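For reference, the structure is listed below as C-alpha cells.
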Amino acid sequence: MPTVLALETSCDESAAAVVHLADGHYSVLASCIASQVEEHARWGGVVPEIASRRHVEALPGLIHQALLDSGQDWDQLDAVAATVAPGLAGALMVASVTGRTLAALHGRPFVGVHHLEGHLASVQLADGCQSPPYVVLLVSGGHTELIRVEVDGSMHRLGRSHDDAAGEAFDKVARLLGLGYPGGPAIQKAALDGDSSSFSLPKGRISLPGGGFHPYDFSFSGLKTAMLRTVERLREQHDALPIADLAASFEQVVADVLVERSLRCVLDEGLNQLVLVGGVAANRRLRRCMQAGAEAQGVAVSIAPLGFCTDNAAMIGAAAVTRLQRGPVVSSLEMGVSARWPLEQSTDLYASPPPF
Ligand code: KG4
Ligand code: ZN
C-alpha cells in the first residue's frame, strides 16, 4: 500500500502530488500545479531557461502545499518520486535534485520516473479504468505513439509519428491562425462554433518500402502545410479568415486519424481495450470521437481524467506506486537526467549504476 510524494518539472508545469495505492485503487491525496504557460505564451513556445528558473522558484512551495493538502507527514510516505527523463534537461534537474535530496534527508527510496510512463499511468486515476493488456494512444506535445502494455507492465511501441507530434501540430496551426500558445486549448475554443466539414484536409500517411501504407504510423507535417496553403489562398480572397471553420476542420481531421489508426491497431492486436492519455487527450472532440468510434467497434476505452491529461505530478506518483506495488524499486541517488530516453528502457532507471 505505497504512498509517495511525486515531483514533475520536465517542461513548463511545476507540480507536486501525493498519491496512494491500496487494493488496486489509486487515490490522489494532493495535486498542486503551477503553470508557466502565460509567461511562455509571450514567446510563442517554451523558453527552456525561463522554465528552469520558474521551477526553482515554484517547487518548494508546491511541495509544502501538497504535503499540507494530503494530511500526510514523512512517517506516512514510502518514497519520493520525480520525473528524470525525457524533457528539457535544465527543467528536469529541478525535480530530480529536489527529489533525491528529500529522499536522502528522510531516508526514503528515490524513484526516478519516465515522463511517458507517467502519462500512461494517468489513466489509472480514472474511475473504473481497465487493466492491461491494452493499447495506449499517447498524444502529447512531444509524442504521438501507440503502445501495447502487457499484464506485467512491459511496453512495446506499435506506431508513432514520423514528424510532428499531434500536440505540436495543434501548437503550430494555432500560431498560423493567430490563436496563441498553447495551441490545443486555443484551437478547441475557436472550433466550438465552426463547421468541421468546411475544409477537406489530408490524413497524412506513411508509405511502406514494399508499397502500401503503414497501418498505425502518423504524419502531421503534410496537414500543417495544407493548413498553410489554405490560409494563404483564403487571405488572397477574403479580408477575414474563417477561423472557427479552419480550427474545427483541423481538429476533426486530427481526431479522425487518431481514432481510425488506434482502433485498427487494437483490433489487429487481437485486443478489445484502448487507453487515451497525454495533453491532447484533453481535447473534447477527440474524447467524444474516440468514445463513439470505440463503441461502434466493440472496443472498451479508458481516457485519463481531464485534469490529469496535461503535465502533472499525480501521474508521476501513479507510475511510481505502480512500480512499488510490483516489487521493491529504487533509483540511485547519483542518477542524473536525460533529455531523451526510450520508454521501453524505463526499467533501467532502477539499475545500479544508473544509466545516466
Ligand atoms: O502532455 P503535455 O502537457 O506535455 C507534454 O508532455 O508534451 O501536452 C502538451 C500538449 C500541447 O501541445 C498542447 O497544445 C496540447 O497538449 N493540448 C491540447 C489540449 N490541451 C493541451 N491539444 C488539443 N486540445 C486540448 N484541449
Ligand atoms: Zn507530458
Side-chain angles (χ1 to χ4, degrees), residues 3-21 25-38 40-41 46 54-55 58-59 61-72 81-83 87 95 113 115-130 136-143 165-167 170-171 181-189 192 251 255 258 274-291 301-322:
T3 305
V4 305
L5 169 67
L7 313 177
E8 155 68 38
T9 61
S10 67
C11 190
D12 58 351
E13 320 278 357
S14 322
V18 179
V19 178
H20 174 68
L21 171 61
H25 181 75
Y26 293 74
S27 316
V28 179
L29 305 181
S31 175
C32 302
I33 305 177
S35 176
Q36 311 171 357
V37 156
E38 279 178 22
H40 296 290
V46 178
R54 295 298 165 261
H55 291 316
L59 195 59
L62 292 167
I63 294 171
H64 182 62
Q65 192 60 47
L67 289 174
L68 275 181
D69 290 355
S70 71
Q72 305 288 296
T83 309
V113 175
H115 182 76
L116 299 186
E117 190 172 317
H119 274 299
L120 261 61
S122 67
V123 76
Q124 302 298 335
L125 305 174
D127 288 336
C129 170
Q130 310 155 72
V136 181
L137 172 64
L138 164 68
V139 267
S140 69
H143 296 84
F170 268 96
D171 294 336
Y181 175 87
I187 287 193
Q188 173 169 284
K189 192 165 168 224
L192 277 178
E251 198 182 43
L258 292 173
L274 177 66
V275 160
L276 174 60
V277 298
V280 181
N283 186 270
R284 289 181 195 277
R285 190 186 299 264
L286 174 61
R287 295 170 85 91
R288 208 170 53 231
C289 291
M290 191 62 91
Q291 251 143 1
V301 63
S302 294
I303 308 183
L306 256 185
F308 298 125
C309 288
T310 48
D311 290 348
N312 64 88
M315 69 183 194
I316 303 304
V321 291
T322 306

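These numbers were taken from a predicted model, which means no experiment stands behind them. Position 1 is the first residue of the sequence; numbering continues from there.
Here the shortest heavy-atom pairing between Gln130 and Leu274 reads NE2-O, 3.7 Å. The nearest pair of heavy atoms linking Ala15 to Ile33 is CB-CG1, 4.1 Å. The shortest heavy-atom contact between Asp69 and Cys32 is OD2-SG, 3.7 Å. Nearest heavy-atom pair, Val113 versus Ala81, reported as atom, atom and distance to 0.1 Å: CG2-CB, 4.1 Å. In terms of heavy atoms, Gly307 sits closest to Asn312 at O-ND2, 4.4 Å. Scanning both residues, Gly141 and Ala165, for their nearest heavy atoms gives O-CB, 3.5 Å.
Side-chain atoms of His115 never come within 3.5 Å of backbone atoms of Ile316 as a donor-acceptor pair (strictly under, hydrogens ignored). Checking side-chain atoms of Asp171 against main-chain N and O of Gly183 turns up a donor-acceptor pair under 3.5 Å. Remark: side-chain polar atoms of Gln188 are paired, donor with acceptor, to backbone N or O of Arg284 under 3.5 angstrom. Panel note: side chain Ser122, backbone Met315; no donor-acceptor pair is recorded below 3.5 Å.
Rounding to the nearest 0.5 Å gives a distance of 4.5 Å between CG of Leu116 and NE2 of His143. Atom OG in Ser302 sits 12.0 Å away from atom CG in Leu125 (nearest 0.5 Å). Note that CD of Glu8 is 10.0 Å distant from CG of Leu59, once rounded to the nearest 0.5 Å. Note: Leu67 CG to Leu5 CG = 5.5 Å, rounded to the nearest 0.5 Å. For the atom pair CG of Leu120 and CG of Leu137, the computed distance is 10.0 Å after rounding to the nearest 0.5 Å. Taken from CZ in Arg285 to CD1 in Ile187, the straight-line distance is 11.0 Å, to the nearest 0.5 Å.
No side-chain heavy atom of Val277 sits under 4.5 Å from any side-chain heavy atom of Phe308. Between His40 and Cys11 there is no side-chain heavy-atom pair separated by less than 4.5 Å. Looking only at side-chain heavy atoms (C-beta outward), Arg287 and Leu306 come within less than 4.5 Å of each other. Between Gln124 and Leu21, the closest side-chain pair of non-hydrogen atoms is not below 4.5 Å. Counting only heavy atoms from C-beta outward, the side chains of Ser35 and Asp12 never approach each other to under 4.5 Å.
Here the options are Leu286, Ile303, Leu276, the test is side chain to side chain contact (heavy atoms under 4.5 Å, CB included), and the partner is Gln291; only Ile303 passes.
With no hydrogens or angles considered, no side-chain donor-acceptor pair links Ser27 and His20 at under 3.5 Å.
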